[in-house]
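These notes concern the structure reproduced below.
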Amino acid sequence: MDDETLEALRGFGGVWGRVEGRAEAAPPPLGDLAEAASRQCELLSALARVCPRSSARLRRMASEEAALAARLRAEDFLAGGGGCAASAACAVVRNPLCGLREAYNAASALGEALQAAANAAPCALRRALDPLAAGERRRACALRELILRAMCVN
């Protein structure tokens with residue numbers, strides 16, 4: 001199956017659940033979101049090494065992702081005493097354009113997950129998570145622009 005078909009099938013369960021009247025799934029824990037941000041940081045760092053024309057921008061986005069992961073670990077620790085250690089992550093990019101697409105999809109998904117976590121969080125945590133979700137959506141838009149520029153669409 002291709003990526004688009006798999007992505008469509010992943011989202012189908014939520015749609016069918018709403019049709020059946022089942023409750024929405026709980027948002028992922030902050031620790032899981034921190035792990036996703038760490039993986040995104042590593043992917044963006046790897047892309048910066050293979051995309052020389054956009055390396056500065058990709059390195060900046062990787063730095064923002066590292067800061068996001070650290071912030072999410074801190075919020076997780078404050079909220080429930082979750083672990084605060086960073087995990088190991090390693091990304092390998094064989095095709096820069098496919099890597100950019102992977103980074104864009106991951107940033108979009110992480111932005112949605114952060115917003116879902118913010119919507120389900122108590123007021124103080126929501127105020128902390130809302131700007132983090134907005135920042136992730138901005139990074140997804142920036143990655144989309146890089147892809148369009150690489151494909152000479154802009």
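In this text the structure is predicted, and so the values were computed from the model without any measurement. Quick note: numbers below take in every heavy atom, side chains included, and nothing from hydrogens, waters or symmetry partners. For the single chain, residues carry numbers from 1 onward in sequence order.
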Checklist entry - Is atom CZ of Arg137 surrounded by more than 12 heavy atoms (other residues, nucleotides or ligands) closer than 6.0 Å? => result yes
Checklist entry - For Ser55, what residues pass the side chain to side chain donor-acceptor pair (under 3.5 Å) criterion, not counting sequence neighbours? => result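 If we apply the side chain to side chain donor-acceptor pair (under 3.5 Å) test to Ser55, skipping adjacent residues, the hits are Arg59.
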Next on the checklist: Please enumerate all residues that pass side chain to side chain donor-acceptor pair (under 3.5 Å) together with Gln40, with sequence neighbours excluded.
Outcome noted: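 Applying side chain to side chain donor-acceptor pair (under 3.5 Å) to Gln40 gives none.
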[X] and [Y]: which non-hydrogen atoms are nearest, and at how many Å?
X: Leu97; Y: Ala150; answer: CD1-CB, 4.0 Å
X: Glu65; Y: Leu44; answer: CG-CD1, 3.6 Å
X: Leu47; Y: Ala103; answer: CD1-CB, 3.9 Å

Checklist entry - Are the charged groups of Arg139 and Glu136 less than 4.0 angstrom apart, N to O? => result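 Between Glu136 and Arg139 there is a salt bridge, with a charged N closer than 4.0 Å to a carboxylate O.
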Item to check | Under-4.0 Å salt bridge between Glu145 and Arg149 | outcome: no
Rounded distance (nearest 0.5 Å) linking atom [atom1] of [X] with atom [atom2] of [Y]:
X: Ser38; Y: Leu33; atom1: OG; atom2: CG; answer: 11.0 Å
X: Asn105; Y: Arg144; atom1: CG; atom2: CZ; answer: 11.5 Å
X: Leu146; Y: Cys51; atom1: CG; atom2: SG; answer: 8.0 Å
X: Leu78; Y: Arg71; atom1: CG; atom2: CZ; answer: 9.0 Å

Can I get a per-line list of side-chain donor-acceptor pairs under 3.5 Å for residues 119-134, giving both atom names and the distance, sequence neighbours left out?
unit_1, atom_1, unit_2, atom_2, d
Asn119, OD1, Gln115, NE2, 3.1
Asn119, OD1, Arg126, NH2, 2.8
Asn119, ND2, Gln115, O, 3.3
Arg126, NE, Ala118, O, 3.3
Asp130, OD1, Gln115, NE2, 3.0

Item to check | With Ala66 via side-chain contact (heavy atoms from CB on, under 4.5 Å) - residues at least two apart | outcome: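 Ala66: side-chain contact (heavy atoms from CB on, under 4.5 Å) contacts with Cys41.
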Item to check | side-chain contact (heavy atoms from CB on, under 4.5 Å) partners of Cys98, counting only residues at least two apart | outcome: Asn95, Arg101
Donor-acceptor list for residues 106-114 side chains, cut-off 3.5 Å, not counting sequence neighbours:
unit_1, atom_1, unit_2, atom_2, d
Ser108, OG, Tyr104, O, 3.0

Next on the checklist: Between Leu68 and Phe77, is there shared hydrophobic-cluster membership here, with clusters defined by ILVMFWY side-chain heavy atoms closer than 4.5 Å?
Outcome noted: no
